[in-house]
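Data first, discussion second: the structure below is written as structure tokens.
Hydrogens, waters and symmetry mates play no part in the numbers below; they use all other heavy atoms, side chains included. All values derive from a computational prediction rather than experimental measurement.
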Amino acid sequence: MASETLIQEAEALRKAIRHHSYLYYVLDRPEITDFEFDQMYRRLVEIETAHPELVTPDSPTQRVGGRASDDFRKVRFKKPMLSLTNVFNAGELREFDRRVKGSLGTDAVEYVTELKIDGLSMNLVYEEGRLVQGLTRGDGRVGEDVTANVKTIKTIPLYIENAPPYMEIRGEVYMPRKSFARLNEERDEAGLMPFANCRNAAAGSLRQLDPHVTAARSLDFFAYAIGEAEGLRVHTQEELLRQLAAFHFRVNPNYRKWDSIEGVIEGVAEWEEKRRSLPYDTDGMVVKVNDFRQQEALGATVKDPKWATAYKYPPEEAVTRVERIVVTMGRTGVLTPSADLSPVRLAGTTVKRATLHNLDFIREKDIREGDWVRIYKAGEIIPEVAAVLKEKRTGEEKEFEMPGTCPVCGGKVARVEGEAAYRCTNPQCGGVVREKLIHFASRDAMDIEGLGPSVVDSLLACGLVKDPADFYTMDAEELQQLERMGEKRAANLVEAAKASRGRGLAKLLFALGIRFLGAKGAELLAARYHTVEAIMEASTENLMETEGIGTVIAESVHAYFADEGHRALIARLQAAGVVTDEVKEETEGAAFAGERAVLTGKLASMGRREAGDIIRRLGGEVQSSVTKTTTLVIAGTDAGSKLDKARAQGVTILTEDEFLRRAGLSGEETGAVGAKKEEGLPSSNA
């Protein structure tokens with residue numbers, strides 16, 4: 001039996017971990033280091049492992065369940081989850097306002113507008129403050145029980161202090177755009193059909209039978225409504241949103257109260273363009289009557305409330321021509337088709353290429369060389385073909401066929417059973433080797449400065465490298481035989497390789513190009529196992545015990561290290577001095593200590609990623625968008641809506657020169673970065 005002291009310690013740890021998780025995941029305002037948080041979490045795991053009777057359903061250790069579900073039980077809602085009517089222009093908004101005021105018999109109506117998040121509606125049931133059930137919307141009256149998967153979303157509290165006896169919190173589960181782009185890249189590499197948009201990706205992730213897979217998908221949640229509740233006293237939508245934030249839910253900050261429909265129309269127009277800079281997808285603006293008594297008086301139809309409507313923004317699309325379909329090779333040997341397009345402006349950028357994913361995608365949409373197509377940006381990021389304009393065909397268009405032989409080595413190309421991908425079957429294919437080497441040296445992996453694709457091509461052509469370990473035995477004199485490789489540049493490349501040896505276990509795992517293992521998964525494994533030897537000896541089941549690592553990733557990692565050739569590569573890397581243990585990143589100064597910085601616009605002296613690395617090295621954090629926690633914005637040329645938002649919020653703004661002075665960078669140092677750009681060489685790896 002656990003002592004009273006141990007029981008109290010476990011409860012104190014649970015409370016502290018909940019508090020710091022809220023600060024980190026919801027407010028983006030951590031008060032302790034990751035190391036301190038990990039120590040608390042590990043201590044709680046130790047206690048609960050030794051004393052299973054102390055484990056509670058709302059414990060932070062229970063976010064990811066170890067058992068996969070066989071299906072999703074159907075559950076009837078106590079209060080239906082209704083859909084919304086749609087309006088598409090200012091006139092229809094005014095008509096909505098006229099109906100509301102006519103039914104109420106008064107002009108004294110306030111509205112609240114909220115961004116319409118493009119995700120999956122969710123109903124969360126709390127009893128005595130504890131999350132007991134998570135239900136999808138289903139048909140609005142019966143939903144599916146996905147509780148185990150919902151618990152993996154770190155912005156959803158497992159326990160709420162001072163909560164009423166029973167309440168249902170409603171909101172939207174969504175996938176951030178960066179997570180969506182990363183997930184589709186991984187699916188392309190794995191030969192799986194990509195998700196069409198962030199909403200489909202969120203829905204597919206929530207309906208996984210294995211919660212570990214859901215945990216790896218980086219889902220998030222915005223709360224915005226209440227279902228059935230006992231003892232909750234709120235009177236307006238604005239008050240409810242504040243109460244939800246007090247309950248430690250993430251609430252979208254971009255809501256606003258209006259005293260007229262003309263104000264609503266103004267707000268809707270303002271966000272049509274601004275929403276594109278958000279890190280998540282939106283497809284409209286929800287307009288709600290603010291006063292709950294007025295909502296009750298207005299009532300609802302069988303399908304939708306009469307006190308709310310959704311203004312839907314038109315999707316931004318463009319029409320262009322497919323000039324040709326080209327095939328490129330990924331690091332796992334997957335051949336991926338893409339469409340070279342006639343250049344066209346779309347969502348603020350010039351688009352010249354769109355991904356076509358695989359042959360199934362091309363066949364499904366019947367895309368041919370020479371076709372006129374309508375394109376859009378999936379997740380506002382990735383250009384994709386929405387439809388073929390078949391009425392514009394002239395008969396000269398050419399159907400596409402995947403090549404039967406590898407365009408790099410001439411080896412046989414085969415479709416893997418159960419996958420949509422075609423792969424080169426030659427394990428020694430130069431294209432596969434090339435892509436693996438480029439990936440290993442890339443910025444998000446080992447970040448070997450100056451070692452981009454063209455240099456890798458030259459090294460391969462001269463037989464100087466065969467695998468990544470050869471990067472660390474390069475000789476400056478030998479390198480000088482490469483085209484455009486002078487004495488100084490050769491010496492710099494050798495030094496850059498040496499400097500990369502200390503990147504640590506997480507970077508190395510990602511750099512190895514293990515199938516299905518992304519950068520985040522590599523970080524999770526490094527944080528749990530600390531050494532490459534521990535990972536190499538772990539079973540598939542052991543690997544799956546890591547939060548965020550599912551069956552597919554675990555099996556792939558285990559299979560990779562079961563290969564003797566891969567184990568030999570690790571040995572060669574270690575012999576070359578590459579650090580294969582976990583490395584905690586240390587700061588190099590305090591110039592940006594305590595700052596939460598956003599970079600916007602173009603910097604003349606460096607890329608934004610390099611600038612972000614500088615901020616982190618000097619004690620600061622980098623955010624992707626301006627929020628209430630942002631303390632600093634560094635603005636380059638052509639800065640857009642982020643700069644406007646920073647000014648409106650009174651956030652400190654630095655020019656590029658001011659940023660460089662604060663960072664302590666001399667003209668010589670910044671000039672070196674600029675010189676790399678002028679020479680057409682990457683300042684770091686692309």
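Annotation: the span from Asp283 atom CG to Cys198 atom SG amounts to 11.0 Å, rounded to 0.5 Å. Residue Arg528 holds its CZ atom at 8.5 Å from CG of Leu525, rounded to the nearest 0.5 Å. Separating the CD atom in Glu435 from the SG atom in Cys429 is a distance of 9.5 Å, to the nearest 0.5 Å. Taken from CG in Leu451 to CD1 in Ile438, the straight-line distance is 9.0 Å, to the nearest 0.5 Å. One finds the CD atom of Glu401 at 6.5 Å from the CG atom of Leu359 (value rounded to the nearest 0.5 Å). Here the CG-CD distance, from Asn197 to Glu384, works out to 9.0 Å after rounding to the nearest 0.5 Å.
Between His439 and Phe510 the shortest side-chain heavy-atom distance falls below 4.5 Å. Looking at Leu115 and Trp271, their side chains come closer than 4.5 Å, going by heavy atoms from C-beta outward. Within the 4.5 Å cutoff, the side chain of Val75 has heavy atoms near those of the Gln133 side chain. Between Asn358 and Tyr422 there is no side-chain heavy-atom pair separated by less than 4.5 Å. Side-chain contact between Met285 and Tyr313: present, with at least one pair of heavy atoms (C-beta onward) separated by less than 4.5 Å. Residues Val150 and Leu206 meet the side-chain proximity criterion, which asks for heavy atoms closer than 4.5 Å. Glu323 has its side chain out of reach of Leu341: every pair of non-hydrogen atoms, C-beta onward, lies at least 4.5 Å apart. Side-chain contact between Lys116 and Thr282: absent, with no pair of heavy atoms (C-beta onward) separated by less than 4.5 Å.
When atom types are taken as modelled, the side chain of Thr627 and the backbone of Thr629 share a donor-acceptor pair closer than 3.5 angstrom. In this structure, Asp220 contributes its side chain and Thr155 its backbone to no donor-acceptor pair below 3.5 Å. In this structure, the side chain of Thr136 engages the main chain of Glu144 through a donor-acceptor pair within 3.5 Å. Of the possible donor and acceptor atoms, one in the side chain of Thr147 sits under 3.5 Å from a partner among the backbone N and O of Gly134. Of the possible polar contacts, one joining the Asn252 side chain to the Asn254 backbone as a donor-acceptor pair under 3.5 Å is found. Between the side chain of Thr546 and the backbone N or O of Ile549 there is no donor-acceptor pair closer than 3.5 Å. The closest donor-acceptor contact from the side chain of Arg137 to the backbone of Met122 lies at 3.5 Å or more, if one exists at all.
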Legend entry - Residues Asp281, Arg199; criterion salt bridge (Lys or Arg N to Asp or Glu O under 4.0 Å); working and verdict: CA-CA 8 Å; Asp281 270 9; Arg199 184 190 180 284; over 6 Å; no
Inset, instruction - Could you please spell out the steps behind the side-chain contact (heavy atoms from CB on, under 4.5 Å) verdict for Arg207 and Phe72? - result: CA-CA 8 Å; Arg207 298 194 80 258; Phe72 298 108; 3.7 Å; yes
Inset, instruction - Dump the intermediate steps for side-chain contact (heavy atoms from CB on, under 4.5 Å) on Ile156 and Leu131, then the final yes or no. - result: CA-CA 9 Å; Ile156 292 179; Leu131 176 64; 4.1 Å; yes
Inset, instruction - Please step through side-chain contact (heavy atoms from CB on, under 4.5 Å) for the pair Tyr255 and Val286, ending with a clear verdict. - result: CA-CA 10 Å; Tyr255 68 87; Val286 178; over 6 Å; no
Inset, instruction - Take Asn149 and Thr152 through the test side chain to side chain donor-acceptor pair (under 3.5 Å) and record every step on the way to the result. - result: CA-CA 5 Å; Asn149 291 346; Thr152 70; 5.9 Å; no
Legend entry - Trace of the side-chain contact (heavy atoms from CB on, under 4.5 Å) decision for Ser179 with Arg217: CA-CA 7 Å; Ser179 302; Arg217 296 283 178 86; over 6 Å; no
Inset, instruction - Check the pair Tyr280 / Phe222 against ring pair (Phe, Tyr, Trp, His ring centres under 6.0 Å), numbers first and verdict last. - result: CA-CA 11 Å; Tyr280 46 83; Phe222 280 128; 5.3 Å; yes
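Just one residue in the list Lys642, Arg596, Gln623 forms a side-chain hydrogen bond (donor to acceptor under 3.5 Å, both in side chains) with Thr630, and that residue is Gln623.
The aromatic rings of Tyr560 and His566 sit parallel to each other, their planes meeting at less than 30°, with 60° as the upper class boundary.
Closest non-hydrogen pair, Ile514 versus Ser556, comes out as CG2-OG, 3.8 Å. Leu335 and Pro337 make their closest contact through O-CD, 3.8 Å (heavy atoms, listed as atom of the first residue, atom of the second, distance). A pairwise comparison of heavy atoms in Tyr22 and Ala245 identifies OH-O, 3.6 Å as the closest pair. The shortest heavy-atom contact between Lys507 and Ala445 is CD-O, 3.3 Å. Heavy atoms only, all atoms of each residue included: Glu317 and Ala386 are closest at OE2-CB, 4.1 Å. Nearest approach of Glu172 to Tyr224, heavy atoms of both residues: OE1-OH, 3.0 Å.
Salt bridge Glu272/Arg275: absent, no basic N to carboxylate O contact under 4.0 Å. A salt bridge links Asp366 with Arg368: the distance from a Lys NZ or Arg NE/NH1/NH2 to an Asp or Glu carboxylate oxygen falls below 4.0 Å. With respect to Arg415 and Asp360, a salt bridge is recorded, a charged nitrogen being found less than 4.0 Å from a carboxylate O.
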